[in-house]
Amino acid sequence: MCNVTADDKKILIDYCLSKGPCLKGCQSLHQELTRTGFIIRMVPFLTFVGCGDELEEGDLSIITKVCEWILNLLEELQNDNVQALTDGSEDIIAIKALLLEAFGLIVTHCKDHSNSTKNIDKILKKSKKYANDLLFDAPGSLLGIKAVSTIAKALNGINVELNDRQDEVFEALNQNLSSSSHFLRLHTLRLLNTYPTRPYIVNHGDLDLTDDLDEEPSYKPQKKEGYGVSKGMSSSLNGRCDIMDTLLEIKESEVNFQNERVLSVKINRVEILGRSGQLPVFYAEAAAYHMFG
């Protein structure tokens, strides 16, 4: 652990926070945003440098100050003049993402190392607005999705959902699962898994998942023990559908000889559930995009 006194730490934090972007009347917005990007990368480290396993009152005070600074910056970046200057450029998306990710990391670490986080919980809820704006403004941004998933997971820790627009989120993000970027697929799945699981359904009606399969029309796949379905399992699935958990487990598993059998079992389980015709529509689409990816 770094041996930094409380006074030295305060000086370092205050210096960084004072070097935030000056967006009003600035000559080069790109330069201001770039400088902010460097600063925000350092802030989480400086926030916890010198802290013990259990955060003290002084530590919580600094954390609150830093989190409020981040939220104030996010609010300033929402300004119409700033939006007009950036014109939807990747710079503004990247800075918003870095700010939100730093915020999420700080809050998560704080909650893991302190039993007195009531004030931090209140501040965390304020981040929902900015996370949702970033989510729907840049659903294909790796930095954006990574940041939003960090916030969504932190919100889940206090039993708060990111939003109540699950269908819209799946519709916006499902295509990410076929991206060539491993990390975009990974963080998309982590974000989608923060939503409550849905139950299996009787049928899709207008969605035939076996339409393009090579088997004869009369073919009905058998559920085999050892492939994610237990012996004697009813042909009609019921309860909560956990296919999104399985997709995330596949994505997080290392591809090596030791995991080969486990991965095969999980992939076969996705195939079996997909053929069941009882997946919620957005889950079926997510599985299809994921397997293509």
Side-chain angles (χ1 to χ4, degrees), residues 40 44 67 70-71 74 77-78 90 92-112 121 123-199 240-253 266 270 273 279-293:
I40 200 60
C67 287
I70 292 175
L71 292 177
L74 286 167
L77 291 172
Q78 299 284 76
E90 293 184 0
I92 198 76
I93 297 297
I95 293 303
K96 287 180 178 179
L98 291 175
L99 287 167
L100 275 172
E101 184 183 7
F103 181 94
L105 292 173
I106 291 170
V107 169
T108 300
H109 186 87
C110 175
K111 292 181 67 62
D112 288 343
D121 291 347
I123 295 175
L124 173 58
K125 293 177 183 178
K126 296 179 182 179
S127 69
K128 285 179 59 176
K129 168 188 174 183
Y130 308 107
N132 277 293
D133 287 345
L134 181 59
L135 169 60
F136 290 105
D137 285 346
S141 165
L142 170 57
L143 286 176
I145 295 303
K146 182 182 179 183
V148 175
S149 68
T150 302
I151 296 295
K153 186 174 180 180
L155 287 167
N156 278 180
I158 57 173
N159 299 316
V160 175
E161 290 184 28
L162 179 64
N163 55 51
D164 58 358
R165 303 163 64 183
Q166 186 174 0
D167 286 357
E168 294 177 58
V169 173
F170 270 78
E171 185 174 5
L173 300 188
N174 268 346
Q175 292 187 26
N176 289 352
L177 300 179
S178 62
S179 168
S180 59
S181 169
H182 164 79
F183 290 104
L184 179 57
R185 298 196 305 273
L186 174 63
H187 292 296
T188 296
L189 282 171
R190 286 177 175 171
L191 174 53
L192 294 178
N193 269 280
T194 63
Y195 287 93
T197 56
R198 294 185 170 185
R240 314 304 294 183
C241 177
D242 63 351
I243 192 171
M244 297 305 298
D245 289 326
T246 303
L247 294 179
L248 180 58
E249 289 170 2
I250 292 172
K251 185 56 59 184
E252 291 182 331
S253 299
K266 291 176 181 176
V270 172
L273 292 176
L279 293 180
V281 175
F282 284 120
Y283 284 9
E285 291 179 353
Y289 278 117
H290 176 270
M291 301 318 284
F292 277 119

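By convention here, the first residue in the shown sequence is residue 1.
Here the CG atom belonging to Leu143 is positioned 11.5 Å from the CG atom belonging to Leu100, to the nearest 0.5 angstrom. Atom-to-atom distance recorded for Ile106:CD1 and Ile123:CD1 is 11.0 Å, nearest 0.5 angstrom. Ile145 CD1 to Ser181 OG: the interatomic distance, rounded to the nearest 0.5 Å, is 11.0 Å. Atom-to-atom distance recorded for Asp242:CG and Leu247:CG is 9.5 Å, nearest 0.5 angstrom. In this structure, CG on Leu177 lies 9.0 Å from CZ on Phe170, to the nearest 0.5 angstrom. Interatomic distance, OG1 of Thr108 versus NZ of Lys153, reported as 7.5 Å (0.5 Å rounding).
Put simply, the side chain of Leu135 reaches to within 4.5 Å of the side chain of Leu191, judged on heavy atoms. Ser127 is listed as a side-chain neighbour of Leu124, based on a closest heavy-atom distance under 4.5 Å. Inter-residue side-chain proximity for Asn163 and Glu168 is flagged as unmet; no heavy-atom pair is nearer than 4.5 Å. Here the side chains of Leu186 and Leu248 are in contact, with some heavy-atom distance below 4.5 Å. With a 4.5 Å cut-off on side-chain heavy atoms, Lys251 and His290 count as touching. The closest side-chain heavy-atom distance from Lys111 to Asp121 is below 4.5 Å. Contact check for Gln78 versus Lys96: side-chain heavy atoms found under the 4.5 Å cut-off. Side-chain contact between Lys146 and Glu101 is present, with at least one heavy-atom pair separated by less than 4.5 Å.
In plain terms, the two heavy atoms of Thr194 and Ala152 that are nearest each other are OG1-CB, 3.7 Å. The nearest pair of heavy atoms linking Leu162 to Ala131 is CD1-CB, 3.8 Å. Taking every heavy atom of both residues into account, Ala287 and Val270 meet most closely at CB-CG1, 4.2 Å. The two residues Leu173 and Pro139 come nearest to each other via the heavy atoms CD2-O, 3.4 Å. Taking every heavy atom of both residues into account, Arg198 and Pro280 meet most closely at CB-CG, 3.9 Å. Here the closest heavy-atom approach between residue Lys125 and residue Leu155 is recorded as CA-CD2, 4.3 Å.
Although no hydrogens or angles enter the test, the distance criterion places no donor-acceptor pair under 3.5 Å between the side chain of Asp245 and the main chain of Asn193.
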Test Ile40 against Ile70 for side-chain contact (heavy atoms from CB on, under 4.5 Å), laying out the working first. CA-CA 9 Å; Ile40 200 60; Ile70 292 175; 4.1 Å; yes

Residues Arg190, Glu252; criterion side-chain contact (heavy atoms from CB on, under 4.5 Å); working and verdict: CA-CA 10 Å; Arg190 286 177 175 171; Glu252 291 182 331; 3.1 Å; yes

Chi angles and distances behind the side-chain contact (heavy atoms from CB on, under 4.5 Å) call for Met244, Leu189: CA-CA 7 Å; Met244 297 305 298; Leu189 282 171; 3.9 Å; yes

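Phe136 carries Arg165 over the face of its six-membered ring, with the cationic atom under 6.0 Å from the centre and within 45° of the normal.
Using modelled atom types and a 3.5 Å distance limit, the side chains of Tyr283 and Asn174 yield no donor-acceptor pair.
For CD of Gln175, the number of neighbouring non-hydrogen atoms (other residues, nucleotides, ligands) closer than 6.0 Å is 12 at most.
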